[in-house]
Structure formats: structure tokens, C-alpha cells
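As C-alpha cells, the structure follows; a few thoughts come after it.
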Amino acid sequence: MNNSDSINLNENFLEQIIKNDLSNGLDNTDLRFRFPPEPNGFLHIGHAKSICLNFGFGKTFSAPVNLRFDDTNPEKESTEFIDAIKKDITWLGFQWDSECYASDYFDQLYDWAVMLIKKGKAYVDSQSQEEISEQRGVPTSSGKKSPHRDREVIENLDLFEKMKKGHFKPGDCVLRAKIDMSSPNMHMRDPVLYRIINTSHHRTNDKWKIYPTYDWAHGQSDYIEQISHSFCTLEFEVHRELYDWFLQNIYDEGKLLPKQREFARLNLSYTIMSKRKLSELVESGLVSGWDDPRMPTISGLRRRGVPASAIIAFCEKVGVSKRENIIDFALLDFCTREILNKISYRLMVVLDPVELIIENYENDKSENLVAENNPEDESYGNREITFSKKLFIEREDFKEEANRKFFRLTLGKEVRLKNAYIIKGERVEKDAEGNISKIYCSYDPKSKSGSGSPESLRKVKGTIHWVDKNNYENISVNIYDKLFNSESPDDDKENDFKDSLNENSLKTFNNACAEKNINNVEFDKYYQFQRKGYFKLDSKKSDKIFNRTVTLRDNKKF
RNA sequence: UGGCUCAUGGUGUAACUGGCAACACGUCUGGUUUUGGUCCAGAAGAGUCUAGGUUCGAUCCCUAGUGAGCCAACCA
């Protein structure tokens with residue numbers, strides 16, 4: 001039995017719905033799913049949940065999954081987003097069956113609208129948006145009928161034709177379904193099917209002056225593609241009655257009727273998932289772009305160094321239900337570390353260097369030492385690092401005096417230099433401000449790592465990393481922290497979500513010192529800077545800028 | 001003056017559809033360890049929102065209440 005095939009021991013309620021339909025006569029070959037993003041922004045981790053869900057069903061039931069762009073609003077959409085979305089889904093490792101666009105169905109949608117008019121189930125309303133909104137009323141009491149509700153079919157047909165041909169300005173009139181102005185469901189109070197928009201569409205250009213609304217386009221697109229199960233998030237639950245009403249009115253005998261079902265969207269602690277708000281961060285320059293490593297976008301996580309497999313594992317662990325939820329970001333970190341621990345190459349890098357001088361080491365001597373590339377996997381092999389009298393160590397790895405919980409370098413105590421020798425702190429030198437500028441130590445020449453000597457086997461209380469001062473490379477390192485201070489910035493109705501932005505979410509170390517092997521790093525590989533966390537090259541262009549993906553798990557107690 | 005949905009350890013999901021609540025993250029102990037990582041062993045933490053009801057038996061079914069979310073864009 002293959003582990004990866006046995007992850008989902010418990011099936012979620014959506015899978016139960018599918019299986020139930022199957023046992024009630026639906027043929028397995030009728031199964032078809034879809035992922036329907038609007039191309040008005042980049043995909044985020046919440047979309048990843050939906051992608052894993054739909055494409056996951058595609059895999060478990062051997063059914064096709066369409067990628068459908070819900071491009072019904074040219075004022076907000078663009079091809080830039082289409083390309084980004086396709087890239088992200090591909091990177092996650094999923095393949096769609098057909099690449100579809102709601103805009104491909106505009107002609108069919110128009111014909112169906114005409115059909116509804118002829119059946120007396122749709123009419124052109126020439127009132128203002130304000131008037132329509134006012135008549136719709138409030139959920140707690142019934143609405144009022146539009147004065148145009150009972151226009152003749154011929155007049156409606158003529159008006160709708162003119163809307164299409166551009167005889168009217170935006171806002172002059174809309175096409176509405178004639179349903180029930182007293183329904184307790186606001187979406188059934190004569191919803192709008194078409195509105196006039198004078199904006200060129202990224203795919204149909206200037207062909208259309210009228211565009212279908214979400215409600216009129218989505219279910220019908222599902223129907224055209226013969227999607228068996230249309231899964232969406234909870235906020236669309238109240239749309240379902242309308243979804244079904246439309247389908248009943250256009251449905252052909254013998255064809256499959258798509259079924260909409262809803263699940264709870266994903267929320268991650270200390271970040272936001274609203275595309276509108278993410279877009280605001282990008283446009284205001286508060287982050288460097290949609291792929292800023294602090295963003296919860298798929299592209300941001302990718303740039304930060306989170307592998308696709310970690311995102312998928314995360315989505316599996318999160319589960320699917322109808323409960324409002326806030327997932328602890330620690331779960332994402334866990335999934336990331338679990339993967340990275342196994343696949344990352346180890347290197348030694350000192351982020352905040354202070355000089356260490358070994359007093360009893362020969363002045364001009366230099367030696368080559370051996371280090372493992374990945375203690376989790378021998379096949380990663382070893383590498384050579386150089387060692388000499390002067391080194392850099394991490395500033396925070398030394399304290400003149402420390403309690404016994406401090407396992408690093410102090411005066412008079414021994415500590416091991418990773419892959420090298422055991423040293424003892426002797427004295428420090430300080431600058432005019434009192435900051436430590438040099439640390440002097442002595443080493444035990446017989447304690448060389450891997451030598452097998454009794455001295456090398458001696459137990460010392462700690463091991464620290466280091467870099468040879470005579471042979472290192474200078475790099476820049478971006479350290480990230482959570483983007484927001486509030487656990488749930490989306491939920492704060494009182495304050496602007498930007499008020500809780502964490503000003504310290506990015507800290508850059510420009511003087512980090514890395515062992516020379518840093519020159520061999522590859523863009524598509526993952527690295528661990530030992531004791532400092534997992535790191536990823538920021539871009540293909542620069543080989544000197546690294547982003548910290550996540551820290552190592554930390555149990556220190558001092 | 002409404003409709004729909006949800007309610008299980010700190011967090012997220014389970015519970016063979018009625019048989020005294022399981023898994024993961026997190027937390028805490030201890031062991032191993034040349035990364036305070038990994039790995040290994042173990043612990044604490046909910047009696048399932050409340051009140052009734054059905055039943056031999058309720059997390060599960062029913063009723064009422066409470067709390068939370070969604071719905072009044074020509075956004076999706």
C-alpha cells in the first residue's frame with residue numbers, strides 16, 4: 001500500500017454527496033468538476049484549498065476537471081491574472097481538462113435570455129439602480145414590483161435588442177428575471193441578468209455592450225460544460241435557489257443538471273484572504289506585489305520557499321466542512337518544515353556576524369573539513385568547507401555571562417563548532433560603545449569532528465555554526481514575520497484592516513556571511529541554513545538574495 | 001421584523017449514520033543527537049453550546065432557546 005494513496009482515511013461531506021449520487025444512479029463517467037476563478041487577482045491559499053478539493057475529486061474519481069475563468073466583468077479583469085492563475089495551478093501540480101471561459105458562452109447566454117423573455121420570465125427594467133434597489137426592499141419585509149415588470153414580450157425583446165446594440169448608456173436599463181418580489185431570499189426578487197458595460201473585454205473586445213451577471217452566467221456555464229458537482233464557498237449558499245431556478249428554465253430533457261454545494265472557505269490566522277484587500281495592499285505599495293513573500297498568495301508562498309507539496313499536504317490536513325474556521329498558521333509551518341527537512345541542502349550562514357579568533361591556531365594555516373549536505377538522506381553526499389584562525393559566528397550565539405540554560409558560547413565554557421573543533425571562550429574585545437568586536441577563544445586540536453578521537457567524542461553542551469573569515473561570500477537575507485498583528489484582520493469591522501499591519505514583517509540582513517558553497521545554489525532547490533531555518537533564493541536573477549521560508553522548530557528555554 | 005447555514009479539547013477535522021469521543025497541529029515531560037532541528041517514548045487537555053423530548057442507550061434524531069456566519073451590488 002502506497003502512503004500517498006491512503007492519506008484521506010475520512011471522507012468529507014462533499015465526497016459523501018458524490019458517492020451518494022453515484023449509488024443513486026449517477027454514472028461515474030458523468031462526473032465532472034471545475035475550478036472557476038475570476039481573473040481579477042492572484043490565487044491565494046484559500047483558492048489552493050478549492051483547487052485541491054476539485055482536482056482531488058478529479059483524481060479519486062478519475063473524472064475531468066475544467067479550469068473556467070468567470071470573466072463576466074471586464075471592468076475588473078485582465079489577461080495578466082489569467083496567466084498568473086494558470087501558472088499557479090500548474091505549479092501546484094494539477095492539470096485541467098478544458099480551459100474554459102464564461103465569455104465563450106455569451107452567445108448562448110444571450111439566446112437563453114431571449115427565451116426567458118419570450119416565456120414571460122424576464123423583462124427590461126428602465127429604472128435607475130437606486131430605484132431598483134429601493135424597491136427590492138429589505139430581507140425582513142416584502143419588496144415592490146417594478147412599474148416595467150409587465151411590459152409586453154415584444155417591447156422587452158425590442159428593448160433587449162437595443163441594449164445589446166448599444167443604444168443605451170450604462171445604467172439606463174437592465175434585464176431582470178421575473179421571479180418573486182416577496183421572496184424571503186433577496187436573490188429571488190427579480191435578479192439582474194444583464195447590465196450595460198462600456199468597457200472592452202479582454203477576450204471578446206468590443207463585441208458586447210451587455211454582460212451577464214454572476215448568477216446568470218455561473219450555473220449556465222456549469223450546465224454547458226455538464227459539470228456534475230459545482231462546489232463553492234458558503235457565501236453562495238443563498239444563491240442556490242436562484243441557481244436551480246435558472247437551470248429549471250433552460251434545462252433540456254436528458255441532460256445532466258449540475259448540483260451546487262457549499263463548503264467553508266479557508267481562513268489563516270494573522271493574514272487576510274479577501275482578494276479585494278490583497279489587491280489594496282498591492283496597489284498601495286504596502287507590499288512589493290502579489291508575489292511578495294509575506295502575501296498568502298500561492299505566488300507569494302512559492303517565492304518565500306514553500307514547496308507545492310507542502311501546500312497540498314496543508315490543504316489535506318485542514319479538511320472540509322461547513323464551519324467557520326481560522327486555521328493556525330503553525331499548521332502551514334509544520335507542513336512546510338516536514339517537507340523541507342527531507343529535501344533541503346544544508347549550508348552554514350552567519351546572519352549577524354561577529355569575529356571569533358582562535359588564539360592557539362596557527363596564523364596562516366587553513367584546512368578543509370567535511371560536512372554532510374543532508375543528514376536525513378545520505379545520497380545528498382558531503383561537501384568541503386574551509387577552516388582557519390579567524391571565523392565569524394552569530395552574534396547571538398555568544399554571551400559573556402549566561403545561565404545554565406544557555407547552550408552556546410560563553411567565557412570559560414566549551415562549545416563545539418559544527419563540523420570542526422571544540423573551543424573554549426577566553427576573552428572579548430569591545431569597541432568604544434561597549435559592543436563586542438572580537439571574541440577570543442582556544443581550541444582543542446585533538447577534537448576534530450569525525451576524527452573518532454576520544455577528545456572529539458567528548459560531550460559539550462552546544463554546537464554552533466560558523467563561517468571562515470578567509471573564505472566566505474557576502475549575501476543578503478530577508479527574514480519575514482507575520483504580515484498582521486491581529487489574528488483575524490478580516491473580521492475587524494471597526495478598524496481598517498491596514499491598521500493592524502506588522503511594521504516589522506520584513507527585516508533584511510545585508511551583511512550575512514555564507515560559506516563559499518553558497519555559490520553553487522540553484523534556484524529550484526531548497527536550502528537549510530543550519531540552525532537558522534529554511535531559505536530559498538529570491539529570484540533567478542540574483543544569486544545573492546535569500547528569503548527565509550520558515551524557522552526551524554525552536555525549543556530553547558532561556 | 002424574514003430566510004438560509006453552523007455549533008465536538010487552544011486550533012482544525014473524525015466518530016462505521018444511535019453503542020460511554022479519535023486523529024493532526026499546538027502545549028508539556030523524558031530519551032537520542034556534532035543543528036536547542038530530525039527521530040523515539042510519554043503526558044495533560046473536550047464529556048460534544050443550553051434546556052427539554054424520543055430511546056435500554058444520543059455528539060448523532062425531534063422541539064425550543066442561545067451564540068456565530070451569510071443574504072438587501074447593475075461584484076464574484
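As a basis for the values below, the full set of heavy atoms in this structure was taken, side chains included, without hydrogen atoms, waters or symmetry mates. Everything numeric here is computed off the predicted structure, so don't read it as measured data. Proteins get letters first, then strands, A, B, ... in listed order; numbering begins at 1 in each.
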At under 4.0 Å between heavy atoms, what does [X] touch on the DNA or RNA strands: base, sugar-phosphate, or nothing?
| X | value |
| --- | --- |
| A:F406 | base |
| A:D333 | nothing |
| A:R346 | base |
| A:R531 | base |
| A:K317 | sugar-phosphate |
| A:Y214 | base |
| A:P37 | nothing |
| A:G450 | base |
| A:F236 | base |
| A:D554 | sugar-phosphate |
| A:E38 | sugar-phosphate |
| A:Q129 | base |
| A:E372 | nothing |
| A:V138 | base |

Measuring to OP1 and OP2 of [N], would you say a side-chain N or O of [X] lies under 4.0 angstrom away?
| X | N | answer |
| --- | --- | --- |
| A:K459 | B:U33 | yes |
| A:R261 | B:U5 | no |
| A:R337 | B:U35 | no |
| A:S141 | B:U1 | no |
| A:S133 | B:C74 | no |
| A:N555 | B:G37 | yes |

Worksheet item: Within a reach of under 6.0 Å around NZ of A:K424, are more than 12 heavy atoms found that belong to other residues, nucleotides or ligands?
Response: no
Would [N] be called syn or anti, given that syn covers angles within 90° of 0?
| N | answer |
| --- | --- |
| B:U17 | syn |
| B:A73 | syn |
| B:G57 | anti |

Check: [X] side chain, [N] base, donor-acceptor under 3.5 Å:
| X | N | value |
| --- | --- | --- |
| A:H239 | B:A76 | yes |
| A:Q528 | B:U35 | yes |
| A:R553 | B:U38 | no |
| A:E324 | B:G12 | no |
| A:R408 | B:G36 | yes |

Worksheet item: Which comes earlier along RNA chain B counting from the 5' end, the contact point of A:V320 or that of A:T213, where each point is its nearest nucleotide?
Response: A:V320
Item to complete: Find which nucleotide of RNA chain B each of A:G319 and A:P375 is nearest to by heavy atoms, and output the residue with the more 5' nucleotide.
Response: A:G319
Is it true that [X] and [Y] make a salt bridge, defined as a side-chain N closer than 4.0 Å to a carboxylate O?
| X | Y | result |
| --- | --- | --- |
| A:K322 | A:E237 | yes |
| A:K556 | A:D554 | yes |
| A:D222 | A:R68 | yes |
| A:E372 | A:R346 | no |

Nearest to the side chain of [X], heavy atoms from C-beta on, is which of [options]?
| X | options | answer |
| --- | --- | --- |
| A:T140 | B:G36, B:U1, B:U38 | B:U1 |
| A:E376 | B:G37, B:A14, B:C75 | B:G37 |
| A:R195 | B:G37, B:C75, B:G36 | B:C75 |
| A:T72 | B:G36, B:C4, B:A76 | B:A76 |
| A:K322 | B:A72, B:C6, B:G36 | B:C6 |
| A:L331 | B:C75, B:C74, B:C25 | B:C25 |

Practice prompt. Measure up the A:Y421 and A:Y443 rings against each other and bin them: parallel (under 30°), tilted (30 to 60°), perpendicular (over 60°).
Written response: perpendicular
Discussion item. What's the gap between B:G57 and B:A24 when it is taken at their P atoms, as a whole Å value?
Written reply: 34 Å
Would you mind pulling out the nucleotide paired to [N], Watson-Crick or G-U wobble, both distances under 3.5 Å?
| N | result |
| --- | --- |
| B:C61 | B:G53 |
| B:C16 | none |
| B:C6 | B:G67 |

Practice prompt. Check whether the ring centres of A:Y243 and A:H239 lie less than 6.0 Å apart, and answer yes or no.
Written response: no
Worksheet item: Yes or no on salt bridge (charged side-chain N to carboxylate O under 4.0 Å, His left out) for A:D125 and A:R149, after CA distance, side-chain angles and deciding distance?
Response: CA-CA 7 Å; A:D125 197 338; A:R149 199 171 197 262; over 6 Å; no
